[in-house]
Each structure stands twice: as C-alpha cells, then as structure tokens.
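All remarks here apply to the structure that follows.
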Amino acid sequence: QLQASGGGSVQPGGSLRLSCTASGGIFRINDMGWHRQVPGKQRELVVAITSGGNTNYADSVKGRFNVSRDNDKNTMYLQMDSLKPDDTAVYYCNMNGRRWDGNMWYGFGSWGQGTLVTVSS
C-alpha cells in the first residue's frame, strides 16, 4: 500500500528527494515517518511528522533534511541536501492511521518497500 521512490546515487554534498505514497484506498493518515537501515545495523528513525505537521528529526540530519506531507495526495516527501557518505542506507517510509473499506474505517499501519540511497565519490 505504500510506494517509496526517489533513491539513487549521488556524490557527497548532493541532494535527493524521496517520495512515499499510500494508494489502494481512502485513508486518513496520522503519523508518517522515514527510517533508514544499513546492513548489519538496526533500523533508525530519520524523521517523523504528525498530522498536525509537528516533526522530530534525528540529530544527524537536522538542518540538512526536510520532511513535508501532502494530505490530499496521501504523500510524504523527504528533501535531503548536503548528503554525506554516512547517509548511505535503505530508506523506508511508514504511515499509520485509518483506511475506509467501503463500510467502515479501520486502523492501518504500513511500511514501504525501501529505496536505496548511496552517497559516494
């Protein structure tokens, strides 16, 4: 239900913009977030954004990454600037909220499939 895109390879100092869209239904999405994972390490939170627009960034990305959301499109974006080799990881999006099944709202939570970001010279 979540489709992430926008990953790729860039040189240090470069930029990328990730997108994540919930599809296949009618949603009322509460919290959204981006996480990342390097092989052999735990998945870590990059940034979370609430339905009200409150954000919580990991210290390592503050001032370089910016998250935004378009509630009408059920989409979240992550603008990543001044990328560093340490930002290399698979980036996952997640969302939770409610989904309409035609008869009633029920709770949902989902993860995207991951998109690889590689920062290297």
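Only this structure's heavy atoms are used, side chains among them; waters, hydrogens and symmetry mates stay out. This one's a predicted model, so the numbers in the text were calculated from it and none came from an experiment. Numbering starts at 1 and runs along the sequence shown.
Residues Met95 and Val90 do not share a hydrophobic cluster, clusters being chains of Ile/Leu/Val/Met/Phe/Trp/Tyr side chains in contact below 4.5 Å.
Residues in residues 27-70 take part in no disulfide (SG to SG under 2.5 Å) pair, two or more places apart or across chains. Counting only residues at least two apart or in different chains, disulfide (SG to SG under 2.5 Å) contacts with residues 29-77 are absent. Among residue pairs with one or both ends in residues 28-68, none qualify as disulfide (SG to SG under 2.5 Å); sequence neighbours excluded. Contacts classified as salt bridge (Lys or Arg N to Asp or Glu O under 4.0 Å) and involving residues 42-53 (residues at least two apart or in different chains) are given here: Arg36-Glu44. Sorted by first then second residue, the ring-ring contact (aromatic ring centres under 6.0 Å, His included) pairs that include residues 75-97, not counting sequence neighbours, number zero.
The CD atom of Gln3 sits 14.0 Å away from the CG atom of Asn74 when rounded to the nearest 0.5 Å.
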Please tabulate, one pair per line, all N/O donor-acceptor pairs under 3.5 Å involving side-chain atoms of residues 105-118, not counting sequence neighbours.
{"unit_1": "Tyr106", "atom_1": "OH", "unit_2": "Arg99", "atom_2": "NH1", "d": "2.8"}
{"unit_1": "Gln113", "atom_1": "OE1", "unit_2": "Ala4", "atom_2": "N", "d": "3.1"}
{"unit_1": "Gln113", "atom_1": "NE2", "unit_2": "Ala4", "atom_2": "O", "d": "2.8"}
{"unit_1": "Thr115", "atom_1": "OG1", "unit_2": "Gly7", "atom_2": "N", "d": "3.1"}

Could you give the side-chain donor-acceptor pairs of residues 10-26 under 3.5 Å, partners two or more places apart or in another chain?
{"unit_1": "Ser15", "atom_1": "OG", "unit_2": "Asp81", "atom_2": "OD1", "d": "2.7"}
{"unit_1": "Thr21", "atom_1": "OG1", "unit_2": "Thr75", "atom_2": "OG1", "d": "2.9"}

Which donor-acceptor pairs under 3.5 Å do side chains of residues 62-69 form with protein atoms, sequence neighbours excluded?
{"unit_1": "Lys62", "atom_1": "NZ", "unit_2": "Asp59", "atom_2": "OD1", "d": "3.1"}
{"unit_1": "Arg64", "atom_1": "NH1", "unit_2": "Ser82", "atom_2": "O", "d": "3.0"}
{"unit_1": "Arg64", "atom_1": "NH1", "unit_2": "Asp87", "atom_2": "OD2", "d": "2.7"}
{"unit_1": "Arg64", "atom_1": "NH2", "unit_2": "Ser60", "atom_2": "O", "d": "2.8"}
{"unit_1": "Arg64", "atom_1": "NH2", "unit_2": "Asp87", "atom_2": "OD1", "d": "3.0"}
{"unit_1": "Arg64", "atom_1": "NH2", "unit_2": "Asp87", "atom_2": "OD2", "d": "3.4"}
{"unit_1": "Arg69", "atom_1": "NE", "unit_2": "Asn71", "atom_2": "OD1", "d": "2.7"}
{"unit_1": "Arg69", "atom_1": "NH1", "unit_2": "Asn30", "atom_2": "O", "d": "2.7"}
{"unit_1": "Arg69", "atom_1": "NH1", "unit_2": "Ile49", "atom_2": "O", "d": "3.4"}
{"unit_1": "Arg69", "atom_1": "NH1", "unit_2": "Thr50", "atom_2": "O", "d": "2.9"}
{"unit_1": "Arg69", "atom_1": "NH2", "unit_2": "Ile29", "atom_2": "O", "d": "3.0"}
{"unit_1": "Arg69", "atom_1": "NH2", "unit_2": "Asn30", "atom_2": "O", "d": "3.3"}
{"unit_1": "Arg69", "atom_1": "NH2", "unit_2": "Asn71", "atom_2": "OD1", "d": "3.0"}

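Taking all atoms of both residues into account, the shortest heavy-atom contact from Asn94 to Met76 is O-CE, 4.3 Å.
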